[in-house]
Number of protein chains: 2
Amino acid sequence: MSKRVSTKDKILNAAEALFAEHGFEQTSLRQITADAEVNLASVNYHFGSKKALIQAVMARYLEVLMPALDRELAKLSEQPQVTTRAVFDCFRSPLNELRQVRKHGPTIFLSLLGYAYADIQGHLRRYTMDHFGDVMQNLLAALHVANPNLSPVDMFWRLHFVLGATVFAQVSGPALREIAAADFGEAIAADQMIDRLIPFLAGGVDAPSR
Amino acid sequence: MSKRVSTKDKILNAAEALFAEHGFEQTSLRQITADAEVNLASVNYHFGSKKALIQAVMARYLEVLMPALDRELAKLSEQPQVTTRAVFDCFRSPLNELRQVRKHGPTIFLSLLGYAYADIQGHLRRYTMDHFGDVMQNLLAALHVANPNLSPVDMFWRLHFVLGATVFAQVSGPALREIAAADFGEAIAADQMIDRLIPFLAGGVDAPSR
DNA sequence: GCACATTTTAAACATGCGTTTTAATTTAAA
DNA sequence: TTTAAATTAAAACGCATGTTTAAAATGTGC
């Protein structure tokens, strides 16, 4: 009944799970191909290199998320009033869409984004910025409308604090949830974290600048 | 005139600079020993292993910062009123002290903390938590006093959002400063970033929880 | 100045990595 | 069914890593 999965997709699926859990550099092609139950050489055959595989994994997500986020931001810009909170709420439905397509989609994507961002070598940073640059600009613009009192350079930094809090919480999410469960006897699902995150981010961006 | 520097210290100095710039995993013992101008084997001779070296580098910072931060938090707890902002200001003087001892001390320390925190394998996470656990608790307590309306579990998460924004901004600091300089023609020193960061963090922690 | 412990050095070791090669196999078209 | 292309498979390559070894050099106490 179930459709045959191509080698290419088997690799992508195994790779994204391992990347999200261990990062790009720490994940070997041997782990990936073992998990995917394909031959080691097939990665280089289908993708050319490990770098290209990483970019392909990211592309699968960016192609879904980017248009969705752009749509939400466009919708928002038609509103008479734009609050910081409303800007961040624009992320909710794209991420939820992603969750429907892929169970752990948002978690994986944000983890990937975190690792991509922390990537010093920059080949991924350049790649993601090429695809994310426009959305970044739209985000900055929307946040500026919501917060005209903040200087562009202040907003630039705050947007990166936002990104930092987000991806960091996501990357260390499993460990943190473990600690939280032990300390508070309360399990926190990944999709609940964004509910905790958004108020924090909006409060940070809306804060007076000194 | 200048004192002879021991091999051990030469290794520690070279290691911390490279760790802060490239992370723990991406830095090889060969890079470290080349920069330190010592023999490759001396790392294993003096420290036993790369893991032990990493912990020794962290320890040098923790031993300076932890007591200083504890002192500031204790001083704060004697005040009649405690605000979230005041809690975060407790970091200023310990970090400045660090800067006087080591020129790029705060930058390096926060970068190290970031890499340590992102470290999945956990040997460093466990190590740093052993040394940082008490301060974490004191921080949580102080923040709870400043913000009694927030539930412990909410505070737990927000503290980690804070940590995320901080270390992330620090780790990607060089690249971000580069972009900022290009986009705004404005160079931003590392020690000015904390002035931008603290208002953001305080605003985030003080935000309503939904 | 000698004997012993400490430290430094150079070389090799074992392991894991991304990649390439070459042959076997499967797939698809004629 | 035959033939050519696409894919899979196993093995090896070249390189970088952390670590270990054993000899040389240096320092130290008597």
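The structure presented is a predicted model; accordingly, all values stated were derived computationally and were not measured. Here is the naming used below: chain letters follow the sequence lines, and residue numbers restart at 1 for every chain.
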Original post:
Near DNA chain C, under 4.0 Å by heavy atom, which residues of residues 40-48 of chain B?
Top reply: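 Those residues are B:Ala41, B:Tyr45, B:His46.
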**OP:** Without swapping roles, check the side chain of A:Gln31 against the backbone of A:Ser28 for a donor-acceptor pair under 3.5 Å.
**Re:**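 Yes; judged by distance alone, with no hydrogens or angles, the pair exists.
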**OP:** For the pair B:Ser42 (side chain) and B:Val38 (backbone), establish whether a donor and an acceptor sit closer than 3.5 Å, ignoring hydrogens and angles.
**Re:**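 No; zero donor-acceptor contacts below 3.5 Å.
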Original post:
Can you check whether B:Ser28 has a side-chain N or O nearer than 4.0 Å to OP1 or OP2 of D:dA16?
Top reply: no
Subject >> Presence of B:Thr7 side-chain N/O under 4.0 Å of C:dT7 phosphate oxygens OP1/OP2 >> reply: no
Report the distance from atom [atom1] of [X] to atom [atom2] of [N], rounded to the nearest whole Å.
X	N	atom1	atom2	answer
A:Phe24	C:dC17	CZ	C1'	18 Å
A:Glu25	D:dA16	CD	C1'	14 Å
A:Asp9	D:dT8	CG	P	12 Å

Subject >> Reading 5' to 3' through nucleotides 22-29 of chain D, protein heavy-atom contacts under 4.0 Å coded B for base, S for sugar-phosphate only, - for none >> reply: --------
Original post:
Between the base of D:dG18 and the side chain of B:Arg30, is there a donor-acceptor distance below 3.5 Å?
Top reply: yes
Original post:
Which atom names give the shortest non-hydrogen contact between B:Arg158 and B:Ala207, and what distance separates them?
Top reply: NH1-O, 2.6 Å
Original post:
So which heavy atom on B:Ala56 is nearest to which on B:Phe47, and how close?
Top reply: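 Where B:Ala56 meets B:Phe47 most closely, the heavy atoms are CB-CE2, 3.8 Å.
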Original post:
Using a cut-off of 4.0 Å on non-hydrogen atoms, how would the nucleic acid contact of A:Thr33 be classed: base, sugar-phosphate, or nothing?
Top reply: nothing
Original post:
Nearest of D:dG18, D:dT8, C:dT19 to any side-chain atom of A:Asn39?
Top reply: D:dT8
For a quick test of your reading: what N or O donor-acceptor pairs under 3.5 Å do the side chains of residues 10-18 of chain B make, sequence neighbours left out?
residue : atom : partner : partner atom : Å
B:Asn13 : OD1  : B:Arg60 : NH1          : 3.3
B:Asn13 : OD1  : B:Arg60 : NH2          : 3.1
B:Asn13 : ND2  : B:Asp9  : O            : 3.2
B:Glu16 : OE1  : B:Arg60 : NH2          : 3.2
B:Glu16 : OE1  : B:Tyr61 : OH           : 3.0
B:Glu16 : OE2  : B:Tyr61 : OH           : 3.0

Original post:
Have B:Asp154 and B:Ser151 got a donor and an acceptor in their side chains that come within less than 3.5 Å?
Top reply: yes
Original post:
Hey, does B:Val162 have a side-chain heavy atom less than 4.5 Å from the side chain of A:Phe200?
Top reply: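 Yes. Closest side-chain heavy atoms under 4.5 Å.
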**OP:** Give the intermediate values and the outcome of side-chain contact (heavy atoms from CB on, under 4.5 Å) for residues B:Lys50 and B:Val43.
**Re:** CA-CA 7 Å; B:Lys50 187 183 178 182; B:Val43 171; 5.7 Å; no
**OP:** Show the numbers, then the answer: is there a side-chain contact (heavy atoms from CB on, under 4.5 Å) between A:Leu150 and A:His144?
**Re:** CA-CA 7 Å; A:Leu150 227 57; A:His144 181 66; 5.8 Å; no
